[in-house]
2 protein chains.
Amino acid sequence: MLHAHDHAHCIADALTRADALCAERGARLTSLRRRVLELVWSGHQPRGAYAILDDLTQRDGKPAAPLTVYRALEFLVEQGLVHRIESLNAYIGCAEPGAMHAGQFLVCEACGNAVELDDPRVDDAIRTAASERGFQVRRPTVEVRGTCPDCQKPDLQEKSP
Amino acid sequence: MLHAHDHAHCIADALTRADALCAERGARLTSLRRRVLELVWSGHQPRGAYAILDDLTQRDGKPAAPLTVYRALEFLVEQGLVHRIESLNAYIGCAEPGAMHAGQFLVCEACGNAVELDDPRVDDAIRTAASERGFQVRRPTVEVRGTCPDCQKPDLQEKSP
DNA sequence: CATAGAGTGTTATATCATAACACCATGCTG
DNA sequence: CAGCATGGTGTTATGATATAACACTCTATG
């Protein structure tokens, strides 16, 4: 998806913004939570809770329990630092934390990458349609399955982070 | 949600349309699949696969295995007779089978009911935004959490089917 | 009625998520 | 600084959702 890029920069950037946001809010971005955030950001593919668990166990050598990861993810989602992709039971780093936004994602079925859409027109259309039906919106979820630009090119398929 | 209504009619109607559609397509709506469809339609709340399994076991007295239900649901979803609500891991009868449409739902967090939205403006906005990013859409999913009109009235809460 | 293909049953197992409770770390209060 | 309250983490167990592999059965069709 995002073509070749310096992903280390993505990660560093995400952590820096997370530090700033949490400091600002008085939220405690503990080392465990920070580490989980880093692991969520290890690519642009949504990662399952148990994949992150394996990372903690194997890459860090710290055997961890599922709850450890789920609790960290819960915190990160609450803080808007991570989104949950419902249709994949997986988590992905938020591209624009701080800015409150709906979770809108384009999920490529070929490479597995997901990018945030967060298009105001989509959000408007949803809110308009809902309000016409008297429905009070709390949290809109949009997850579009399909094929990303890179994977539409027949040759250089299956790119990852 | 849909106020008081003759739900038996909803069910009968859904089954009739399913019969017709499957006949037309040469798809085999077996008695098991038909029964699962009926159980999915037992209300306007999305139902989990294991809830349906319990119905089969308890209401019908036929002890069934999870796979039995999952296979029937898979068929029904393929035929567009049932939708899966990703954010609930649950299934709901399709209001307009036959008409190919995106899965757009308003899910009430108070009563648990879900209604199809299927608003063309929402679909257009998604397709426009996706296509601007070169993303090829295969299946858009929209699931809006919030509060339905009935549950916004303070008194008569918690309505069901 | 023989047979191929789709459907179903059965058993086992994988994957995703949470409950209950104990312990520890941090920061505040007196 | 001691004590304490709060929130974070560890541990164990369990619940909820979903699929794999393989055998048997039914149904449509020649």
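- Protein atom CG of A:Leu56 is 13 Å distant from nucleotide atom P of D:dT11, rounded to whole Å.
- Each of D:dT9, C:dG7, D:dA18 was ranked by its minimum atom distance to the side chain of B:Thr30; first place goes to C:dG7.
- Following rounding to the nearest Å, B:Gln79 (CD) and C:dA6 (P) show an atom-to-atom distance of 14 Å.
- Nucleic acid contact class of B:Leu67 (heavy atoms, under 4.0 Å, all strands): base.
- Rounding to whole angstrom units, CZ of residue B:Phe75 and P of C:dG7 are separated by 7 Å.
- The shortest distance between the side-chain N/O atoms of B:Arg84 and the OP1/OP2 oxygens of D:dA18 is below 4.0 Å.
- Of the candidate nucleotides C:dT10, C:dG7, D:dT9, C:dT10 has the atom lying nearest to any side-chain atom of B:Thr68.
- Following rounding to the nearest Å, A:Arg71 (CZ) and D:dG10 (C1') show an atom-to-atom distance of 7 Å.
- Across the protein-nucleic acid pair, A:Glu86 atom CD and C:dC16 atom C1' stand 12 Å apart, rounded to whole Å.
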Discussion item. Go through it in stages, so that I can follow the logic: the residues are A:Asp55 and A:Arg35, the test is salt bridge (charged side-chain N to carboxylate O under 4.0 Å, His left out), and I'd like the CA-CA distance, side-chain angles, deciding distance and then a yes or no.
Written reply: CA-CA 10 Å; A:Asp55 286 346; A:Arg35 178 61 174 142; over 6 Å; no
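- The residues A:Glu132 and B:Arg121 are annotated as salt-bridged, a charged nitrogen and a carboxylate oxygen being separated by less than 4.0 angstrom.
- With C:dT18, C:dG9, D:dA18 as the candidates, the nucleotide lying closest to the side chain of A:Pro66 is C:dT18.
- The distance between atom CZ of B:Arg28 and atom P of D:dT27, rounded to the nearest whole Å, is 8 Å.
- Rounded to an integer number of Å, the gap from CG of B:Asn89 to C1' of D:dT19 is 14 Å.
- In this structure, CG of B:Leu32 is placed 9 Å from C1' of C:dG7, rounded to the nearest angstrom.
- The aromatic rings of A:His7 and A:Trp41 lie tilted to each other, with the angle between the two planes from 30° to 60°.
- The same ILVMFWY cluster, assembled from side-chain heavy atoms under 4.5 Å apart, contains both A:Leu53 and A:Val82.
- Counting atom types as modelled, B:Tyr50 pairs a side-chain N or O with a base atom of D:dA18 as donor and acceptor under 3.5 Å.
- Residues B:Gln79 and B:Leu21 have side chains not in contact (no heavy-atom distance under 4.5 Å, counting atoms from C-beta outward).
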